[in-house]
Amino acid sequence: ALQRADETAARLEAEIRKESLEQKHSNLLEKVEQLNLLRESNASLRDENEKLQARIKALRGEKDVMEAQEGPLKDKVGQLQALLDSKDEEVRSIKDQSSRWER
């Protein structure tokens, strides 16, 4: 009977160890799965970041080009406004002269 009790205890102990090992294995598999998901997510985020950084660089380049063009365009607008003002004054002067001649 004592031998049977020892055998039963040994089998019970072996079963407990087996369940413990299976639980540890299951936990490890779950952690590996989580790590794989994190690795994929990380790779995806890095890829998205690279694309966004490239887009930022391109937009900054466009902004620099536009700012470089802005100064000369403002100058041209100023010149054209001065020319328009001059022509408006010339038209007024001609109208004044015309109305004096008509009198």
Side-chain angles (χ1 to χ4, degrees):
L2 191 56
Q3 187 177 359
R4 260 193 199 160
D6 288 343
E7 288 173 4
T8 304
R11 278 189 302 207
L12 183 59
E13 200 174 300
E15 190 65 33
I16 291 171
R17 269 192 250 126
K18 181 181 174 188
E19 286 179 13
S20 177
L21 286 175
E22 287 174 354
Q23 182 64 39
K24 286 180 183 178
H25 183 261
S26 176
N27 287 343
L28 284 174
L29 288 177
E30 187 177 316
K31 286 180 182 180
V32 166
E33 178 80 21
Q34 289 175 350
L35 284 173
N36 285 335
L37 290 174
L38 287 173
R39 200 171 292 137
E40 288 175 19
S41 175
N42 190 22
S44 175
L45 289 172
R46 285 178 192 250
D47 184 50
E48 183 180 357
N49 184 42
E50 285 177 19
K51 288 177 184 174
L52 291 173
Q53 291 297 328
R55 180 73 176 134
I56 288 170
K57 186 177 180 180
L59 288 173
R60 284 184 176 153
E62 289 178 27
K63 176 185 152 269
D64 291 344
V65 167
M66 288 181 184
E67 285 177 346
Q69 293 173 347
E70 181 183 23
L73 289 174
K74 282 185 175 181
D75 291 345
K76 187 69 173 176
V77 167
Q79 292 171 359
L80 291 172
Q81 186 61 50
L83 180 62
L84 180 62
D85 292 344
S86 168
K87 295 297 179 184
D88 284 347
E89 185 57 39
E90 190 177 328
V91 167
R92 267 188 244 115
S93 176
I94 290 172
K95 282 183 180 179
D96 287 347
Q97 286 178 4
S98 173
S99 60
R100 273 190 242 129
W101 281 100
E102 289 176 359
R103 292 184 196 165

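Model, not experiment: these values are computed from the prediction.
Salt bridge Arg92/Asp96: absent, no basic N to carboxylate O contact under 4.0 Å. Salt bridge annotation for Glu7-Arg11: absent, with no cationic side-chain nitrogen under 4.0 angstrom from a carboxylate oxygen. Ion pair Glu67/Lys63 flagged as a salt bridge, since at least one NZ, NE, NH1 or NH2 atom sits closer than 4.0 Å to an Asp/Glu carboxylate oxygen.
Listed by chain and number, the residues in a salt bridge (charged side-chain N to carboxylate O under 4.0 Å, His left out) with Arg17 are Glu13 (sequence neighbours excluded).
One finds the CG atom of Leu45 at 11.5 Å from the CD atom of Glu50 (value rounded to the nearest 0.5 Å). Here the straight-line distance linking atom CG of Asn42 with atom CG of Leu35 works out to 11.5 Å at 0.5 Å rounding. In this structure, Lys31 NZ and Ser26 OG are separated by 11.0 Å, a value rounded to the nearest 0.5 Å. Atom CD of Glu90 sits about 6.0 Å away from atom OG of Ser86, to the nearest 0.5 Å.
In this structure, Glu33 and Leu29 have side chains that are not in contact, with every pair of non-hydrogen atoms separated by 4.5 Å or more. No side-chain heavy atom of His25 sits less than 4.5 Å from a side-chain heavy atom of Leu21. Side chains of Gln79 and Leu83 form no contact here, defined as non-hydrogen atoms less than 4.5 Å apart.
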>> Applying salt bridge (charged side-chain N to carboxylate O under 4.0 Å, His left out) to Lys51 and Asp47, what does each step give before you reach the verdict?
In response: CA-CA 6 Å; Lys51 288 177 184 174; Asp47 184 50; 3.4 Å; yes
>> What verdict does the salt bridge (charged side-chain N to carboxylate O under 4.0 Å, His left out) test give for Glu70 and Lys74, after you've listed the backbone C-alpha separation in whole Å, the side-chain angles of each residue and the deciding distance to 0.1 Å?
In response: CA-CA 6 Å; Glu70 181 183 23; Lys74 282 185 175 181; 3.4 Å; yes
>> Go through it in stages, so that I can follow the logic: the residues are Gln81 and Asp85, the test is side-chain hydrogen bond (donor to acceptor under 3.5 Å, both in side chains), and I'd like the CA-CA distance, side-chain angles, deciding distance and then a yes or no.
In response: CA-CA 6 Å; Gln81 186 61 50; Asp85 292 344; 3.0 Å; yes
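Around atom CD of Gln3, no more than 12 heavy atoms belonging to other residues, nucleotides or ligands sit under 6.0 Å away.
Although no hydrogens or angles enter the test, the distance criterion places a donor-acceptor pair under 3.5 Å between the side chain of Ser99 and the main chain of Lys95. Proximity of a side-chain donor or acceptor of Thr8 to a complementary backbone N or O of Arg4 within less than 3.5 Å is detected.
Side-chain contact check for Arg39 and Asn36: at least one donor-acceptor pair (N or O, by modelled atom type) lies under 3.5 Å. Side chains of Asn27 and Gln23: a donor on one and an acceptor on the other come within 3.5 Å.
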